[in-house]
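All remarks here apply to the structure that follows.
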Amino acid sequence: MTTPVRVLIADDQALVRSGFAMVLSVEDDIEVVGQAANGAEALAMLATTDVDVVLMDVQMPVMDGIAATQRVVGEDLAKVIILTTFDREDYLFDALAAGASGFLLKNADPDDLVDAIHAVADGHALLAPEVTVKVISRLVSEGRPPAPAPAGQPARAVDAATSRAVASLTGREREVLGLMAEGLSNAEIAQRLFLGESTVKTHVSHILTKTDSRDRVQAVVLAHRTGLVGAG
């Protein structure tokens with residue numbers, strides 16, 4: 001039997017927390033292991049509880065979701081999906097710069113929430129195609145890091161080693177990375193290149209490993225910065 005994805009819900013509204021917990025309770029392969037009213041409570045729970053994915057609200061007292069996400073990701077405690085009622089670009093960019101793996105509006109369909117949790121638990125970044133292009137363009141133009149460095153370590157610049165890593169990609173991996181930059185999913189990339197989806201997953205895995213990227217967004221940003229993919 002597959003081990004359930006362990007989820008922590010962090011939101012300052014009790015009704016929101018209980019609502020998400022109720023939606024997820026019917027899923028056999030997802031287990032809600034904790035609920036927190038703010039980022040500080042979430043960090044305290046993560047210190048004693050194994051969690052795969054945190055559903056993190058943005059606006060919370062004591063410690064907001066962006067600050068909490070920086071700690072969670074920086075200390076490699078779990079992966080984070082930002083949940084908000086506000087469709088605001090500053091939240092989106094701040095969340096991704098903090099290291100969040102996904103961004104979802106609270107009015108998303110329950111099925112989308114479940115899919116998001118599984119995608120992020122499997123190591124994928126959760127961004128709609130149009131959002132991916134927008135995020136990449138802004139991160140590249142501003143020169144912002146696609147993810148924070150681990151706690152206690154300096155932020156990594158795109159150096160010669162990174163450029164060599166990107167240059168080491170095979171022709172097919174470069175094709176896949178180019179389509180990742182367009183925001184295509186693995187299934188869409190497979191259809192475009194007439195490949196099996198499992199083959200595309202393998203290529204994506206190789207790309208992430210070779211470029212030392214945390215997720216798809218970070219890999220594409222690095223590709224833009226090193227000139228492998230155009231920024232337009």
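Computation of the quantities below employed the complete heavy-atom set of this structure, encompassing side-chain atoms and omitting hydrogens, waters and symmetry-equivalent molecules.
When side chains are defined from C-beta on, Ile117 counts as touching Leu55, because their heavy atoms get closer than 4.5 Å. Proximity of Val5 to Asp29: side-chain heavy atoms (C-beta onward) are nowhere separated by under 4.5 Å. Counting heavy atoms from C-beta on, the side chains of Lys210 and Thr170 come closer than 4.5 Å. Within the 4.5 Å cutoff, the side chain of Ile30 has heavy atoms near those of the Val114 side chain. Side-chain contact between Val32 and Ile9: present, with at least one pair of heavy atoms (C-beta onward) separated by less than 4.5 Å.
The distance from the OG1 atom of Thr202 to the CD atom of Glu173 is 10.0 Å, given to the nearest 0.5 Å. Between the OG1 atom in Thr199 and the CG atom in Leu193 there is a gap of 10.5 Å [rounded to 0.5 Å]. Atom CG of Asp109 sits about 5.0 Å away from atom CG of Asp112, to the nearest 0.5 Å. Distance check, rounded to the nearest 0.5 Å: CG of Leu169 to NE2 of His203 gives 11.0 Å. The structure places OG of Ser213 at 9.0 Å from CD1 of Ile207, a figure rounded to the nearest 0.5 Å. Residue Asp64 holds its CG atom at 10.0 Å from CG of Asn38, rounded to the nearest 0.5 Å.
In this structure Arg71 satisfies the side chain to side chain donor-acceptor pair (under 3.5 Å) test together with Glu75, sequence neighbours excluded. Residues passing the side chain to side chain donor-acceptor pair (under 3.5 Å) test with Arg172 are Glu175, sequence neighbours excluded.
Closest approach of Lys79 and Ser101 over heavy atoms only: CB-OG, 4.1 Å. Shown here for Met56 and Met60, the closest heavy-atom pair between the two residues is SD-CE, 3.8 Å. Heavy-atom minimum distance, Ala40 versus Val62: CB-CG1, 3.8 Å. Annotation for Ala10 and Val54: closest pair CB-CG1, 4.5 Å, computed over non-hydrogen atoms. In plain terms, the two heavy atoms of Leu104 and Ala116 that are nearest each other are CD2-CB, 4.0 Å. Residues Met180 and Val204 come closest through the heavy atom pair SD-CG2, 4.0 Å.
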Sequence neighbours excluded and cut-off under 3.5 Å, please list the side-chain donor-acceptor pairs for residues 41-51, or say none.
from  : atom 1 : to    : atom 2 : distance (Å)
Glu41 : OE1    : Ala37 : N      : 2.9
Thr48 : OG1    : Met45 : O      : 3.3
Thr49 : OG1    : Met45 : O      : 3.2

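Screening residues 189-200 for salt bridge (Lys or Arg N to Asp or Glu O under 4.0 Å) gives Glu182-Arg192 as the qualifying pairs, with residues at least two apart or on separate chains. Pairs of residues two or more places apart, or lying in two chains, that qualify as salt bridge (Lys or Arg N to Asp or Glu O under 4.0 Å) and include a residue from residues 53-62 are Asp57-Lys106. Sorted by first and then second residue, the salt bridge (Lys or Arg N to Asp or Glu O under 4.0 Å) pairs with a member in residues 12-21 form an empty list; sequence neighbours excluded.
Distance alone, capped at 3.5 Å, is enough to place a donor-acceptor pair between the Arg174 side chain and the Ala167 backbone. The closest donor-acceptor contact from the side chain of Thr69 to the backbone of Gly65 lies under 3.5 Å.
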Test side-chain contact (heavy atoms from CB on, under 4.5 Å) on Val53 and Val80; report intermediate values, then the result.
CA-CA 6 Å; Val53 177; Val80 176; over 6 Å; no
Would Leu83 and Phe20 count as a side-chain contact (heavy atoms from CB on, under 4.5 Å) if you check the C-alpha gap in whole Å, the side-chain angles of each, and the deciding distance to 0.1 Å?
CA-CA 11 Å; Leu83 293 167; Phe20 281 132; 3.9 Å; yes
